[in-house]
Amino acid sequence: MTKQIKLSALNLAPVRKGKTVSEALQHTIRSAKAVESFDYHRFWVAEHHNMEGVASSATAVLIGQIAQETTHIRVGSGGIMLPNHAPLIIAEQFGTLAALHPNRIDLGLGRAPGTDQLTAQALRRNGQRAEDFPSLVEELRHYFNPVSSRPHVRAIPGEGEEVPIWLLGSSGYSAQMAGELGLPFAFAGHFSPKQIVPALNLYYDTFKPSAVLSEPYSMIAVNAIAAETEQEAQMLASSLYQQFLSMIRNQRGKLQPAVENMDVIWTPHEEQLVMEQLSGSFIGDANKVAKQLYDFAMNLQVNEIMLQTTIFDEDKQIDSYNRIMDAWQAL
């Protein structure tokens, strides 16, 4: 029943309290190998900067290492924040990845900085802005053309490489752009759940068939945590709650261990704010989570669900991936 809908995984290479960046990166690679063995379709990592608890800032480098350590799962960016980079550099990086790992590399593109404004200024020395996103995407796509439309500036590697480009978003902007360009669209439902339906509707309504797609292809990222019992899953999710609480308080740090009682950490108002941002999460025993994910995907007519599984205990995180896929395949 679920074969028509694919499951994938999103990872931010979280740095856990008491652990190093090196350990975070090694666990991300271990997670990718695990989800590949569980038959997930993709494993994406995301570009963020100046965050003590996120180690995926050099996204293309990490993608290359993950692809090297795996054999068939698709590996990509969820996403590369294109205004932070010269399109030629991204074409060369992902062209290199595609040449080394044919038919396995995805290039998801976002327009946000993936960081605070001060760090964005440090990244964008050439003055690129989010408003430049459409022209940057157009330039990048030209570099991948088999015969470059920019004969004096060519991406080698990159030219002629078939690197699927996705547009990522947490609002309607990229949804409409993806529709008009006939590109696949991925939505960040793991932190913007209220905008899922409007963005998807906009994508479907504006979609124009292209050389890339004859019909829309959509993927939604969601928070998903499964354990043996509902109670255990909720306790494991307390690390996710603390992560979002730290963003609300503007006190970002490393991923915190699970706690049995969040009420000693947050105020009622903070709890409300966190739970509003996480209202689209799927937490519980695996059978419940898998069924809810399936109903969610069918109701929204999406092609793929990407799971963001934020758990402090590394083994429990991998166990959650395994439980959800087992239950999913049993539907």
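Computed from a predicted structure; not experimentally measured. One is the number of the first residue; the rest follow in order along the sequence.
Residues forming a ring-ring contact (aromatic ring centres under 6.0 Å, His included) with Tyr217 (at least two apart in sequence, or on another chain): Trp166. The ring-ring contact (aromatic ring centres under 6.0 Å, His included) test applied to Phe187 returns no partner, not counting sequence neighbours. Contacts of Gln272 classified as side-chain contact (heavy atoms from CB on, under 4.5 Å), with partners at least two apart in sequence or in another chain: His269, Glu276. Partners of Tyr40 by ring-ring contact (aromatic ring centres under 6.0 Å, His included), not counting sequence neighbours, listed by chain and number: Tyr321. Phe144 meets the ring-ring contact (aromatic ring centres under 6.0 Å, His included) test with no other residue; sequence neighbours excluded. Among residues two or more places apart in sequence or in another chain, the side chain to side chain donor-acceptor pair (under 3.5 Å) test is passed with Ser57 by none. Partners of Ser37 under the side-chain contact (heavy atoms from CB on, under 4.5 Å) rule, at least two apart in sequence or in another chain, do not exist in this structure.
Grouped by direct or indirect side-chain proximity (heavy atoms under 4.5 Å, Ile/Leu/Val/Met/Phe/Trp/Tyr only), Phe244 sits with Phe191, Ile225, Leu236, Leu240, Tyr241, Leu245, Met247, Ile248, Val259, Met262, Val264, Ile265, Trp266, Leu273, Val274, Met275, Leu278, Ile283, Ile311.
Val35 and Val222 fall within the same hydrophobic cluster, where Ile, Leu, Val, Met, Phe, Trp and Tyr residues are linked whenever their side-chain heavy atoms come under 4.5 Å apart, directly or through other members. Tracing side-chain contacts under 4.5 Å through hydrophobic residues (I, L, V, M, F, W, Y), one reaches Leu331 starting from Ile5; they form part of the same cluster. Using a 4.5 Å cut-off between side-chain heavy atoms of Ile, Leu, Val, Met, Phe, Trp and Tyr, with links allowed through other members, Trp44 and Val163 fall into the same hydrophobic cluster. Side-chain heavy atoms closer than 4.5 Å link hydrophobic residues (I, L, V, M, F, W, Y) into clusters, and following such links, possibly through other members, connects Leu293 to Met298. By the rule that hydrophobic residues join a cluster once side-chain heavy atoms approach within less than 4.5 Å of another member, Tyr203 and Val212 end up as members of one cluster.
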task = Show the numbers, then the answer: is there a side-chain hydrogen bond (donor to acceptor under 3.5 Å, both in side chains) between Glu47 and Asn84?
result = CA-CA 10 Å; Glu47 177 187 345; Asn84 294 346; 2.9 Å; yes
task = Test Lys6 against Asp39 for salt bridge (Lys or Arg N to Asp or Glu O under 4.0 Å), laying out the working first.
result = CA-CA 10 Å; Lys6 297 180 175 69; Asp39 207 24; over 6 Å; no
Stepwise salt bridge (Lys or Arg N to Asp or Glu O under 4.0 Å) check, Arg16 with Glu23 = CA-CA 9 Å; Arg16 292 163 169 84; Glu23 288 171 314; over 6 Å; no
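Within the structure, every pair that satisfies the side-chain hydrogen bond (donor to acceptor under 3.5 Å, both in side chains) test and touches residues 171-184, not counting sequence neighbours, is listed here: Gln176-Glu180. The stretch residues 248-257 participates, sequence neighbours left out, in these salt bridge (Lys or Arg N to Asp or Glu O under 4.0 Å) pairs: Arg249-Glu270. For residues 198-214, no residue pair satisfies the salt bridge (Lys or Arg N to Asp or Glu O under 4.0 Å) rule, not counting sequence neighbours. Residue pairs meeting the salt bridge (Lys or Arg N to Asp or Glu O under 4.0 Å) criterion with at least one member in residues 67-82, sequence neighbours excluded: Lys33-Glu69, Arg74-Asp106.
Heavy atoms of other residues, nucleotides or ligands lying less than 6.0 angstrom from CG of Asn103 number 12 at most. By the neighbour-count criterion of 12 heavy atoms within 6.0 Å, atom CG of Asn261 is densely surrounded, having more than that number from other residues, nucleotides or ligands. Within a 6.0 Å radius of CD in Glu230, other residues, nucleotides and ligands contribute more than 12 heavy atoms.
Of all heavy-atom pairs spanning Ala175 and Thr206, the tightest one is O-OG1, 4.1 Å. Phe296 and Ile196 get closest at one heavy-atom pair: CZ-CD1, 4.0 Å. Annotation for Pro184 and Ala178: closest pair O-CB, 4.3 Å, computed over non-hydrogen atoms. Between Ala99 and Glu161, the closest heavy-atom pair is CB-OE2, 3.5 Å. Minimum interatomic distance between Pro87 and Leu140 (heavy atoms only, all atoms of both residues): O-CD1, 3.4 Å. Annotation for Ala290 and Ile324: closest pair CB-O, 4.2 Å, computed over non-hydrogen atoms.
Put simply, CD on Glu314 and CD on Gln26 are 10.5 Å apart, with the number rounded to the nearest 0.5 Å. Residue His101 holds its NE2 atom at 10.5 Å from CD1 of Ile63, rounded to the nearest 0.5 Å. Note that CD1 of Ile29 and CG of Leu62 are 6.5 Å apart. Values are rounded to the nearest 0.5 Å. Note that the CZ atom of Arg104 and the OG1 atom of Thr70 stand 3.5 Å from one another [nearest 0.5 Å]. Here the CG atom belonging to Asp132 is positioned 10.5 Å from the CD atom belonging to Glu139, to the nearest 0.5 angstrom.
The shortest side-chain heavy-atom distance between Leu107 and Leu109 falls under the 4.5 Å cut-off. Contact check for Thr28 versus Ser56: no side-chain heavy atoms found under the 4.5 Å cut-off. Side-chain contact between Leu255 and Lys17 is absent, with no heavy-atom pair separated by less than 4.5 Å. Put simply, the side chain of Tyr143 reaches to within 4.5 Å of the side chain of Val153, judged on heavy atoms. Inter-residue side-chain proximity for Gln277 and Lys194 is flagged as unmet; no heavy-atom pair is nearer than 4.5 Å. Side-chain contact between Glu228 and Asp319: absent, with no pair of heavy atoms (C-beta onward) separated by less than 4.5 Å. The shortest side-chain heavy-atom distance between Phe133 and Glu138 does not fall under the 4.5 Å cut-off. Using a 4.5 Å cut-off on side-chain heavy atoms (C-beta onward), Met306 and His190 make no contact.
A distance-only check finds no donor-acceptor pair linking the side chain of Gln317 to the backbone of Asp313 [under 3.5 Å]. The main-chain N or O of Ala258 is found under 3.5 Å from a side-chain atom of Ser239 such that the two form a donor-acceptor pair. Not a single donor-acceptor pair under 3.5 Å links the side chain of Ser8 to the backbone N or O of Phe43. Although no hydrogens or angles enter the test, the distance criterion places no donor-acceptor pair under 3.5 Å between the side chain of Ser192 and the main chain of Gly189.
At a threshold of 4.0 Å, the pair Arg111-Glu131 does not count as salt-bridged, since none of the basic side-chain nitrogens sits closer than that to a carboxylate oxygen. Ionic pairing of Lys291 and Asp285 is not present here: no N-O contact between side-chain nitrogen and carboxylate oxygen is shorter than 4.0 angstrom.
Side-chain atoms of Gln308 and Thr310 form a donor-acceptor pair, as typed in the model, at a separation below 3.5 Å. Side chains of His41 and Glu36: no donor on one and acceptor on the other come within 3.5 Å.
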